[in-house]
Amino acid sequence: MDSAKILHPFTFYLSTALAIFRYLQTGFFCLKRIPIFFTIVDTVISLYFRSCGLSPFTIDLDDQTTMHFWTSNHRRFNKPNLVMIHGYGGDARWQFVYQVGSLSQNFNLYVPDLLFFGKSSSKRSGRTDTFQARCLAECLKRLGVDRFSVYSISYGGFVAYRMAEIFPEEVEKVVIVSSGLGSSDDQIEGQIKKIGRDPAAVLLPEHPQDLRFLVNLSVYKCKPLRWLPDIFLQEFINAMVNHQRKEKLELLEHLLAKKADISLPILTQETLLIWGDQDNVFPVNLAYQLQRHLGPRSRVKIIKDIGHAANIESPDAVNDLITSFVLGRSKDIPSVSEKSSFSRVY
(Lines give C-alpha, C1' and ligand atoms only; values in the text may rest on other atoms or scores of the structure.)
Protein backbone atom coordinates (compact mmCIF):
# COMPACT_ATOMS: atom_id res chain seq x y z
CA MET A 1 0.00 0.00 0.00
CA ASP A 2 1.19 3.52 -0.85
CA SER A 3 2.75 4.87 2.34
CA ALA A 4 1.71 8.41 1.45
CA LYS A 5 -1.94 7.31 1.28
CA ILE A 6 -1.66 5.97 4.81
CA LEU A 7 -0.03 9.04 6.31
CA HIS A 8 -1.99 11.79 4.53
CA PRO A 9 -5.34 10.86 6.19
CA PHE A 10 -3.48 10.82 9.49
CA THR A 11 -2.36 14.39 8.76
CA PHE A 12 -5.97 15.46 8.10
CA TYR A 13 -7.37 13.98 11.30
CA LEU A 14 -4.46 15.27 13.32
CA SER A 15 -4.89 18.78 11.98
CA THR A 16 -8.59 18.70 12.84
CA ALA A 17 -7.73 17.77 16.41
CA LEU A 18 -5.12 20.53 16.49
CA ALA A 19 -7.67 23.11 15.42
CA ILE A 20 -10.08 22.03 18.16
CA PHE A 21 -7.53 21.89 20.94
CA ARG A 22 -5.98 25.17 19.93
CA TYR A 23 -8.68 26.88 21.98
CA LEU A 24 -7.85 24.72 24.97
CA GLN A 25 -4.27 25.76 24.67
CA THR A 26 -4.85 29.51 24.34
CA GLY A 27 -8.03 29.88 26.36
CA PHE A 28 -7.77 27.53 29.31
CA PHE A 29 -4.24 26.40 29.92
CA CYS A 30 -2.26 29.32 28.47
CA LEU A 31 0.32 26.92 27.03
CA LYS A 32 1.14 29.21 24.16
CA ARG A 33 4.86 28.97 24.74
CA ILE A 34 4.90 25.19 24.98
CA PRO A 35 5.12 23.40 21.58
CA ILE A 36 2.61 20.77 22.66
CA PHE A 37 1.27 19.95 19.18
CA PHE A 38 4.71 19.69 17.60
CA THR A 39 5.92 17.53 20.49
CA ILE A 40 3.04 15.09 19.99
CA VAL A 41 3.71 14.66 16.27
CA ASP A 42 7.48 14.55 16.78
CA THR A 43 7.05 11.78 19.34
CA VAL A 44 4.78 9.81 17.01
CA ILE A 45 7.40 10.02 14.24
CA SER A 46 10.11 8.78 16.61
CA LEU A 47 7.90 5.88 17.67
CA TYR A 48 7.33 5.04 14.01
CA PHE A 49 11.10 4.95 13.39
CA ARG A 50 11.45 2.57 16.33
CA SER A 51 8.70 0.36 14.91
CA CYS A 52 10.78 0.14 11.70
CA GLY A 53 13.67 -1.38 13.67
CA LEU A 54 15.68 1.82 14.11
CA SER A 55 17.15 3.34 17.26
CA PRO A 56 18.71 6.75 18.01
CA PHE A 57 22.46 6.89 18.45
CA THR A 58 24.78 9.81 19.18
CA ILE A 59 28.51 10.00 18.40
CA ASP A 60 30.88 12.59 19.84
CA LEU A 61 33.59 13.06 17.24
CA ASP A 62 35.47 15.23 19.71
CA ASP A 63 34.65 17.75 22.41
CA GLN A 64 33.22 20.15 19.81
CA THR A 65 31.30 18.06 17.29
CA THR A 66 28.39 15.67 17.84
CA MET A 67 26.33 13.79 15.25
CA HIS A 68 23.02 12.10 15.86
CA PHE A 69 21.84 9.04 13.90
CA TRP A 70 18.95 6.64 13.61
CA THR A 71 20.45 3.23 12.85
CA SER A 72 19.16 -0.29 12.31
CA ASN A 73 18.94 -2.20 15.59
CA HIS A 74 20.30 -5.38 14.07
CA ARG A 75 22.86 -5.10 11.30
CA ARG A 76 22.38 -8.06 9.00
CA PHE A 77 25.29 -9.10 6.80
CA ASN A 78 22.94 -10.23 4.02
CA LYS A 79 21.72 -6.65 3.66
CA PRO A 80 23.74 -3.81 2.13
CA ASN A 81 24.28 -0.61 4.11
CA LEU A 82 22.42 2.51 3.00
CA VAL A 83 23.12 6.01 4.33
CA MET A 84 20.22 8.46 3.91
CA ILE A 85 21.27 12.13 3.77
CA HIS A 86 18.57 14.77 4.14
CA GLY A 87 18.29 18.32 2.82
CA TYR A 88 17.08 21.59 4.31
CA GLY A 89 13.84 21.51 6.26
CA GLY A 90 13.28 19.40 9.35
CA ASP A 91 15.65 16.79 10.66
CA ALA A 92 16.20 13.40 9.02
CA ARG A 93 13.10 11.82 10.61
CA TRP A 94 10.69 14.38 9.22
CA GLN A 95 12.15 14.14 5.71
CA PHE A 96 12.38 10.34 5.49
CA VAL A 97 9.28 9.31 7.46
CA TYR A 98 7.55 8.03 4.30
CA GLN A 99 10.55 5.93 3.25
CA VAL A 100 12.20 4.17 6.19
CA GLY A 101 9.51 1.52 6.55
CA SER A 102 10.08 0.09 3.08
CA LEU A 103 13.83 0.67 2.85
CA SER A 104 14.49 -0.95 6.25
CA GLN A 105 13.27 -4.25 4.80
CA ASN A 106 16.13 -4.34 2.29
CA PHE A 107 18.95 -2.35 3.89
CA ASN A 108 20.82 -1.69 7.09
CA LEU A 109 19.89 1.97 7.44
CA TYR A 110 22.03 4.82 8.77
CA VAL A 111 20.02 8.03 8.94
CA PRO A 112 22.08 10.98 10.26
CA ASP A 113 21.09 14.49 11.16
CA LEU A 114 23.60 16.62 9.30
CA LEU A 115 25.49 19.13 11.42
CA PHE A 116 23.27 21.98 12.66
CA PHE A 117 20.12 19.98 12.00
CA GLY A 118 18.22 18.02 14.62
CA LYS A 119 20.48 16.92 17.45
CA SER A 120 23.76 17.27 15.53
CA SER A 121 25.98 20.24 16.32
CA SER A 122 29.51 21.58 16.17
CA LYS A 123 31.40 24.46 17.71
CA ARG A 124 33.93 24.32 14.89
CA SER A 125 33.91 26.92 12.12
CA GLY A 126 33.43 24.47 9.23
CA ARG A 127 30.35 25.21 7.10
CA THR A 128 31.27 23.46 3.87
CA ASP A 129 29.76 20.37 2.32
CA THR A 130 33.25 18.85 2.57
CA PHE A 131 33.26 19.38 6.35
CA GLN A 132 29.85 17.69 6.58
CA ALA A 133 31.07 14.80 4.42
CA ARG A 134 34.23 14.17 6.45
CA CYS A 135 32.38 14.28 9.78
CA LEU A 136 29.71 11.89 8.51
CA ALA A 137 32.29 9.47 7.10
CA GLU A 138 34.20 9.46 10.39
CA CYS A 139 31.00 8.65 12.29
CA LEU A 140 30.26 5.74 9.97
CA LYS A 141 33.80 4.48 10.47
CA ARG A 142 33.30 4.52 14.23
CA LEU A 143 30.05 2.62 13.78
CA GLY A 144 32.01 -0.07 11.93
CA VAL A 145 30.42 0.70 8.56
CA ASP A 146 33.21 0.10 6.04
CA ARG A 147 31.20 -0.03 2.80
CA PHE A 148 27.91 1.67 2.04
CA SER A 149 25.77 3.34 -0.60
CA VAL A 150 24.38 6.83 -0.16
CA TYR A 151 20.91 8.17 -0.94
CA SER A 152 20.60 11.95 -0.72
CA ILE A 153 18.08 14.68 -1.39
CA SER A 154 18.60 18.35 -2.32
CA TYR A 155 21.32 19.86 -0.05
CA GLY A 156 22.21 16.33 1.01
CA GLY A 157 23.27 15.70 -2.58
CA PHE A 158 26.20 18.10 -2.14
CA VAL A 159 27.33 16.17 0.95
CA ALA A 160 26.87 12.77 -0.70
CA TYR A 161 28.82 13.87 -3.76
CA ARG A 162 31.76 15.00 -1.61
CA MET A 163 31.68 11.73 0.32
CA ALA A 164 31.83 9.75 -2.92
CA GLU A 165 34.68 11.92 -4.17
CA ILE A 166 36.78 11.81 -0.99
CA PHE A 167 36.03 8.19 0.02
CA PRO A 168 35.75 6.21 -3.23
CA GLU A 169 36.64 2.91 -1.53
CA GLU A 170 33.92 3.23 1.10
CA VAL A 171 31.07 4.59 -1.06
CA GLU A 172 29.72 1.89 -3.36
CA LYS A 173 26.81 3.55 -5.18
CA VAL A 174 25.30 7.04 -5.16
CA VAL A 175 21.67 8.12 -5.44
CA ILE A 176 20.94 11.84 -5.74
CA VAL A 177 17.42 13.25 -5.78
CA SER A 178 16.74 16.80 -7.01
CA SER A 179 19.99 18.58 -6.18
CA GLY A 180 21.65 21.71 -7.56
CA LEU A 181 25.01 20.06 -8.19
CA GLY A 182 26.80 21.36 -11.26
CA SER A 183 24.62 24.46 -11.68
CA SER A 184 26.30 27.43 -13.32
CA ASP A 185 26.29 30.87 -11.71
CA ASP A 186 23.83 32.08 -14.34
CA GLN A 187 21.53 29.13 -13.70
CA ILE A 188 21.54 29.77 -9.96
CA GLU A 189 20.89 33.49 -10.42
CA GLY A 190 18.12 32.83 -12.92
CA GLN A 191 16.37 30.35 -10.66
CA ILE A 192 16.52 32.74 -7.70
CA LYS A 193 14.91 35.43 -9.85
CA LYS A 194 12.24 33.00 -11.02
CA ILE A 195 11.32 32.04 -7.46
CA GLY A 196 11.25 35.71 -6.54
CA ARG A 197 12.46 35.50 -2.97
CA ASP A 198 15.75 35.51 -1.13
CA PRO A 199 16.97 31.90 -0.74
CA ALA A 200 17.43 32.36 2.99
CA ALA A 201 13.83 33.50 3.38
CA VAL A 202 12.66 30.44 1.44
CA LEU A 203 14.80 27.74 3.08
CA LEU A 204 14.69 29.22 6.58
CA PRO A 205 11.09 30.37 7.00
CA GLU A 206 10.22 32.60 9.94
CA HIS A 207 6.43 32.60 9.75
CA PRO A 208 3.73 30.05 8.83
CA GLN A 209 3.06 31.75 5.49
CA ASP A 210 6.77 31.40 4.66
CA LEU A 211 6.67 27.67 5.42
CA ARG A 212 3.56 27.26 3.28
CA PHE A 213 5.39 29.00 0.42
CA LEU A 214 8.35 26.64 0.76
CA VAL A 215 6.17 23.53 0.79
CA ASN A 216 4.02 24.72 -2.12
CA LEU A 217 7.22 25.42 -4.06
CA SER A 218 8.55 21.94 -3.31
CA VAL A 219 5.47 19.84 -4.13
CA TYR A 220 3.41 19.68 -7.30
CA LYS A 221 0.18 17.80 -6.63
CA CYS A 222 -0.38 17.16 -2.95
CA LYS A 223 -0.90 19.95 -0.41
CA PRO A 224 0.41 18.45 2.84
CA LEU A 225 -0.08 21.66 4.89
CA ARG A 226 -3.60 22.40 3.69
CA TRP A 227 -5.32 21.31 6.89
CA LEU A 228 -2.64 22.28 9.38
CA PRO A 229 -3.27 25.41 11.48
CA ASP A 230 -0.69 28.17 11.73
CA ILE A 231 -0.03 27.39 15.39
CA PHE A 232 1.43 23.99 14.48
CA LEU A 233 3.51 25.43 11.64
CA GLN A 234 4.95 28.07 13.96
CA GLU A 235 5.82 25.40 16.51
CA PHE A 236 7.61 23.45 13.76
CA ILE A 237 9.56 26.58 12.74
CA ASN A 238 10.53 27.33 16.32
CA ALA A 239 11.67 23.77 17.01
CA MET A 240 13.23 22.78 13.70
CA VAL A 241 14.18 25.88 11.71
CA ASN A 242 15.12 28.31 14.46
CA HIS A 243 17.20 25.70 16.27
CA GLN A 244 20.80 26.51 15.23
CA ARG A 245 19.35 28.98 12.74
CA LYS A 246 22.53 31.06 12.56
CA GLU A 247 24.60 28.02 11.60
CA LYS A 248 22.06 26.89 8.98
CA LEU A 249 22.19 30.36 7.47
CA GLU A 250 25.99 30.15 7.32
CA LEU A 251 25.76 26.79 5.51
CA LEU A 252 23.48 28.39 2.94
CA GLU A 253 25.68 31.47 2.59
CA HIS A 254 28.64 29.21 1.81
CA LEU A 255 26.73 27.43 -0.97
CA LEU A 256 25.58 30.70 -2.50
CA ALA A 257 28.91 32.48 -2.13
CA LYS A 258 31.09 29.90 -3.82
CA LYS A 259 31.28 30.07 -7.57
CA ALA A 260 30.08 27.22 -9.73
CA ASP A 261 32.51 24.35 -9.49
CA ILE A 262 33.71 24.08 -13.08
CA SER A 263 36.08 21.33 -11.95
CA LEU A 264 33.37 19.21 -10.33
CA PRO A 265 35.00 15.78 -10.20
CA ILE A 266 33.60 12.86 -12.15
CA LEU A 267 32.63 10.16 -9.68
CA THR A 268 33.92 6.63 -10.11
CA GLN A 269 30.79 5.11 -8.57
CA GLU A 270 27.63 4.18 -10.41
CA THR A 271 25.23 7.07 -9.84
CA LEU A 272 21.44 7.28 -10.11
CA LEU A 273 19.83 10.70 -10.52
CA ILE A 274 16.12 10.89 -9.65
CA TRP A 275 14.08 13.99 -10.47
CA GLY A 276 10.47 15.09 -10.53
CA ASP A 277 9.55 16.50 -13.93
CA GLN A 278 7.77 19.41 -12.22
CA ASP A 279 10.66 20.42 -9.94
CA ASN A 280 10.41 24.18 -9.38
CA VAL A 281 13.52 24.38 -7.19
CA PHE A 282 16.09 22.60 -9.38
CA PRO A 283 14.56 22.20 -12.88
CA VAL A 284 14.76 18.81 -14.52
CA ASN A 285 17.27 19.99 -17.14
CA LEU A 286 19.87 20.03 -14.32
CA ALA A 287 19.46 16.26 -13.99
CA TYR A 288 20.48 15.71 -17.61
CA GLN A 289 23.23 18.28 -17.32
CA LEU A 290 24.73 16.45 -14.33
CA GLN A 291 24.33 13.10 -16.09
CA ARG A 292 26.27 14.35 -19.10
CA HIS A 293 29.04 15.49 -16.76
CA LEU A 294 29.18 12.14 -14.92
CA GLY A 295 29.16 10.08 -18.11
CA PRO A 296 28.17 6.47 -18.80
CA ARG A 297 28.28 5.27 -15.19
CA SER A 298 25.28 7.46 -14.39
CA ARG A 299 21.64 7.35 -15.35
CA VAL A 300 18.61 9.62 -14.96
CA LYS A 301 15.14 8.54 -13.87
CA ILE A 302 12.29 11.04 -14.08
CA ILE A 303 9.10 10.73 -12.03
CA LYS A 304 6.10 12.20 -13.80
CA ASP A 305 3.91 14.90 -12.23
CA ILE A 306 6.14 15.23 -9.16
CA GLY A 307 7.91 18.30 -7.81
CA HIS A 308 11.11 18.86 -5.86
CA ALA A 309 10.09 16.82 -2.81
CA ALA A 310 9.88 13.43 -4.49
CA ASN A 311 10.57 11.80 -1.11
CA ILE A 312 7.23 13.22 0.10
CA GLU A 313 5.09 13.12 -3.04
CA SER A 314 6.22 9.78 -4.47
CA PRO A 315 8.11 7.84 -1.77
CA ASP A 316 7.18 4.40 -3.08
CA ALA A 317 8.45 5.14 -6.59
CA VAL A 318 11.69 6.57 -5.17
CA ASN A 319 12.11 3.56 -2.89
CA ASP A 320 11.61 1.14 -5.78
CA LEU A 321 14.23 2.94 -7.85
CA ILE A 322 16.73 3.05 -4.97
CA THR A 323 16.23 -0.62 -4.11
CA SER A 324 16.56 -1.87 -7.68
CA PHE A 325 19.63 0.27 -8.34
CA VAL A 326 21.56 -0.45 -5.14
CA LEU A 327 20.74 -4.17 -5.13
CA GLY A 328 21.96 -4.42 -8.71
CA ARG A 329 18.64 -5.21 -10.34
CA SER A 330 19.18 -2.62 -13.05
CA LYS A 331 16.94 -4.42 -15.49
CA ASP A 332 14.07 -3.90 -13.05
CA ILE A 333 14.41 -0.11 -13.21
CA PRO A 334 12.00 1.20 -15.87
CA SER A 335 13.65 3.43 -18.41
CA VAL A 336 12.25 6.80 -19.40
CA SER A 337 10.50 5.29 -22.41
CA GLU A 338 9.21 2.14 -20.73
CA LYS A 339 5.90 1.61 -19.01
CA SER A 340 6.40 0.81 -15.37
CA SER A 341 4.64 -1.04 -12.60
CA PHE A 342 4.24 2.25 -10.72
CA SER A 343 2.43 4.61 -13.04
CA ARG A 344 4.09 7.82 -11.87
CA VAL A 345 7.51 6.89 -13.23
CA TYR A 346 8.13 7.10 -16.95
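As the structure is a computational prediction, the values presented were derived from the model and not from experiment. In what follows, every heavy atom counts, from backbone to side chain, and hydrogens, waters and symmetry copies are set aside.
Every ring-ring contact (aromatic ring centres under 6.0 Å, His included) that F236 has, sequence neighbours left out, goes to W94. Partners of R245 by side chain to side chain donor-acceptor pair (under 3.5 Å), not counting sequence neighbours, listed by chain and number: N242. Residues satisfying the salt bridge (charged side-chain N to carboxylate O under 4.0 Å, His left out) criterion with R197, sequence neighbours excluded, are D210. By the side chain to side chain donor-acceptor pair (under 3.5 Å) test, S122 pairs with T65, sequence neighbours left out. Partners of F158 under the ring-ring contact (aromatic ring centres under 6.0 Å, His included) rule, at least two apart in sequence or in another chain, do not exist in this structure. Every side chain to side chain donor-acceptor pair (under 3.5 Å) that E250 has, sequence neighbours left out, goes to R127, K246. With sequence neighbours excluded, no residue satisfies ring-ring contact (aromatic ring centres under 6.0 Å, His included) with F69. In terms of the ring-ring contact (aromatic ring centres under 6.0 Å, His included) criterion, Y110 has no residue partners (sequence neighbours excluded). With sequence neighbours left out, the salt bridge (charged side-chain N to carboxylate O under 4.0 Å, His left out) criterion links E172 to R147. In terms of the side chain to side chain donor-acceptor pair (under 3.5 Å) criterion, residue partners of D60 (sequence neighbours excluded) are, by chain and number, T66.
The local environment of NZ in K119 is sparse, with at most 12 non-hydrogen atoms from other residues, nucleotides or ligands closer than 6.0 Å.
For residues 117-157, the pairs satisfying ring-ring contact (aromatic ring centres under 6.0 Å, His included) are H86-F117, Y88-F117, Y88-Y155, F96-Y151, with sequence neighbours left out.
The line from CG of D277 to CD1 of I302 is 7.5 Å long, rounded to the nearest 0.5 Å.
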Please tabulate, for the side chains in residues 49-58, all donor-acceptor contacts under 3.5 angstrom to protein atoms that are two or more places apart in sequence or on a different chain.
residue	atom	partner	partner atom	Å
S51	OG	Y48	O	2.6
S55	OG	N73	OD1	2.3

